[in-house]
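Labels below follow one simple rule: chain letters A, B, ... track the order of the sequence lines, proteins then strands, and each chain is numbered from 1. Nothing here was measured: the structure is a model prediction, and the numbers come from that model.
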Number of protein chains: 2
Amino acid sequence: MGLGAGATKDLATTTPSDSSAVSGTRLTPEPRSAARTDGVDRPGRVTITDVARVAGVSVATVSKVVNGRYGVAASTAERVLEVVEDLGYESSLVARSLRRRRTNVIGVLVAEFEPFSTELLKGISAAIEGTGYELLAYSGGSTAGADRVGWERRSVSRLGGTLIDGAVIVTPTVVAPVHDGVPVVAIDPHTGPSGAPTVDSDSLEGARTATEYLIGLGHTRIAYLGGRPDLESARLRELGFREAMSAHGLAVDPDLVRVGGYRPDRADAPAHELLDREDRPTAVFAANDLSAIRMIEVAHEMGLRVPQDLSVIGYDNVPESATCTPPLTTIAQPLHQMGAEALRMLIDLLDGSEREQHLRLPTSLVERASCAPPAA
Amino acid sequence: MGLGAGATKDLATTTPSDSSAVSGTRLTPEPRSAARTDGVDRPGRVTITDVARVAGVSVATVSKVVNGRYGVAASTAERVLEVVEDLGYESSLVARSLRRRRTNVIGVLVAEFEPFSTELLKGISAAIEGTGYELLAYSGGSTAGADRVGWERRSVSRLGGTLIDGAVIVTPTVVAPVHDGVPVVAIDPHTGPSGAPTVDSDSLEGARTATEYLIGLGHTRIAYLGGRPDLESARLRELGFREAMSAHGLAVDPDLVRVGGYRPDRADAPAHELLDREDRPTAVFAANDLSAIRMIEVAHEMGLRVPQDLSVIGYDNVPESATCTPPLTTIAQPLHQMGAEALRMLIDLLDGSEREQHLRLPTSLVERASCAPPAA
DNA sequence: GTGAAAGCGCTAACAC
DNA sequence: GTGTTAGCGCTTTCAC
């Protein structure tokens, strides 16, 4: 699954895949024990109706008991609870949310579960502890082909109003006319300050920092491997790069600015273009870690040593950036914190207390081993 | 958020949090433009009823158009589609799944989004591409207090039958009497081969490998920092440790076997107990990376150098294991692959084609920098 | 071709 | 106290 992880030496001598160990237990949808006395053997879950029938009460009563409402005799409640236990009944989130206003679940909408979004997710998950909300992460972008664009809108519409009370959208893409009455906070949005509240990191300053670090090391011929051109963050990072270069009197060679696409597989061609030339750069600033890692791999394939022959610096600081060889020096976004803050903003929104609309967090430099002064 | 990430040097000079940038745009739930001609101003999403009303047809017709069913005049369909576009209608996953049999969404049920489960998630996400399914990850364990135990059962019941067609459960805990007719595959289950199909890694062999690696380095006084005692994987890893030790004629000091709990915060006390003694071990095998990382941190706090004074080896190979100092040598579970395989098995189950029930993948040793021969 | 009506599992008024 | 009823948004017969 990409990303080499240090020296890997397979010492396991066991059978690689004893997939033949089929025990007798099969997942047969045989009808449950107690429930369903009549002939209808829907294999599905046990519903409130099943409980009502077995307990000899109405579904309304069961609902009251389950939800701890008033107006139920202690004896009845006890009996119902017993049946609930017996049958292993658990109310359907779907049916409940269709009826109720609030569900107490917050949605995290991502295009895909990759290192960036999962880091955010970790931060959100840690922060949700004790808030009374549950987390539901939905990957709406994976339906390729069709309309990969606008998945955020689609996802919010599909889940919002029912199922989730609000959403934090992890989107490097458009977020514009989203939210059909569903409170939403966007992380790393396409456009800058747009409709919804947002949290992002200071890409402009971070890119300056990265570039100046390279310059400080003595590099003058520096390449920029950009992110997707339609993204605000990518635009800002390129701008920061250019600003830092010119602030130090360094020229930016147009041939040394390429688009990497924020995905390792998309970084392949531009990486080759950058390196496969007489006057290749001595250093590269990649607009995100995954491209940077791919950049290193490509350099290796071409016989270049990192950092001796080529310095590479990334952006994001997903944990994967530490697993490549050499470990990547990178500009760290406070990913966990960004997730936590987004959650906080969303909950504030849900509680009606309005706070700030846009939060921009600072980045920091994480020095590992992929950068060095240029070869003399 | 824990886990130091190499040398961190904050160079950002920007405002740490310009949370005052409240633009004029507020997320007011004002009624949508075209829809809702009557007085009822539910701020919510646009429903099929809205579309029907605006298009001047029945909801049944809209449903047919949206789902591409036969029996609708081309002209009608066109008009409806136009309104759908206009209003930005998107059918509610909830309502739809309540009515339909299949939803084409697969659930990934986790207790919490931490490094282990998110790695699996990455593997699943990558593997789901092109299958026609969408991914929905649900964190059911975060509701502390109540019944942290049995969240799997609860989650499956709440989501299954409706919303998700099947689930892969990421559970180091019980999985036993789960599945109310919902196809389920468990990753890293509590019990070994139980009711549902499972995929895990070869903990026994992996633990042997780790222990033998330490022994091969020359260590004889080796400690074991275990995982939660109620877990099968933890049991197997301890067994592998003991087997390897005795196979090499080494004694296991009972004082050098402690429980770490699979969570960094739970590893604190036992780590101190292990290190805070005259005859402390020269090496530690921790049953998972997060404990191992915490172990290293504790060692540092106590003035010990890793690996010079203490060797530490972990288990799992979550990417975080590379971000600590020194980078952790660890036994790698093929996490992405395990996720992908679990998904494959689940889809097979859904398609009716039954395959193997239990898949056990081999581990491998990833050498980084946290182990060395014992000080002479 | 189109719409009326039933019902998925559940909750919330409102009767009894 | 408890049951009856009316939907939530949607799909699906089955009449017209």
Notebook entry, point to check: What string of B, S and - do you get for nucleotides 10-16 of chain C, 5' to 3', when a contact is any protein heavy atom under 4.0 Å?
Noted result: BBB----

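The strand DNA chain D forms stems, runs of 3 or more Watson-Crick or G-U wobble pairs with distances below 3.5 Å, at C:1-11 with D:6-16, C:13-16 with D:1-4.
Listed for the D165(B) side chain is a donor-acceptor partner under 3.5 Å among the backbone atoms of T103(B). For S97(B) (side chain) and V94(B) (main-chain N/O), a donor-acceptor pair under 3.5 Å exists by modelled atom type.
Under the rule for a side-chain hydrogen bond (donor to acceptor under 3.5 Å, both in side chains), the partners of S117(A) that lie at least two apart in sequence or sit in another chain are E114(A). Annotation: side-chain hydrogen bond (donor to acceptor under 3.5 Å, both in side chains) contacts of T131(B) (sequence neighbours excluded): none. Among residues two or more places apart in sequence or in another chain, the salt bridge (charged side-chain N to carboxylate O under 4.0 Å, His left out) test is passed with E90(B) by R154(A).
Nucleotide dT12(D) holds its P atom 14 Å from the CZ atom of R102(B), rounded to whole Å. As rounded to whole Å, 12 Å separates atom P of dC10(D) from atom CZ of R53(B). Remark: P of dC8(C) and CG of D50(A) are 11 Å apart, rounded to the nearest angstrom. The interatomic distance linking L163(A) (CG) with dG9(C) (C1') rounds to 14 Å, in whole Å.
Rounding to the nearest 0.5 Å gives a distance of 6.5 Å between CD1 of I124(B) and CG of L343(B).
When heavy atoms are screened at a 4.0 angstrom cut-off, V94(A) is found touching no nucleic acid atom at all. Contacts of T76(B) with the nucleic acid, taken as non-hydrogen atoms under 4.0 Å apart, involve only primed sugar atoms and P, OP1 or OP2.
Between E82(B) and R79(B) there is no salt bridge, since no side-chain N of the basic residue sits under 4.0 Å from a carboxylate O of the acidic one.
Using atom P as the reference point in both dT2(D) and dG9(C), the two lie 25 Å apart (nearest Å). Rounded to a whole angstrom, the distance from the P atom of dG1(D) to that of dC10(C) is 25 Å.
In this structure, W151(A) and V170(A) approach most closely via the heavy-atom pair CH2-O, 3.5 Å.
Every pair passing side-chain hydrogen bond (donor to acceptor under 3.5 Å, both in side chains) that includes a residue from residues 62-77 of chain B is listed here, sequence neighbours excluded: S63(B)-N67(B), N67(B)-R96(B), N67(B)-R100(B).
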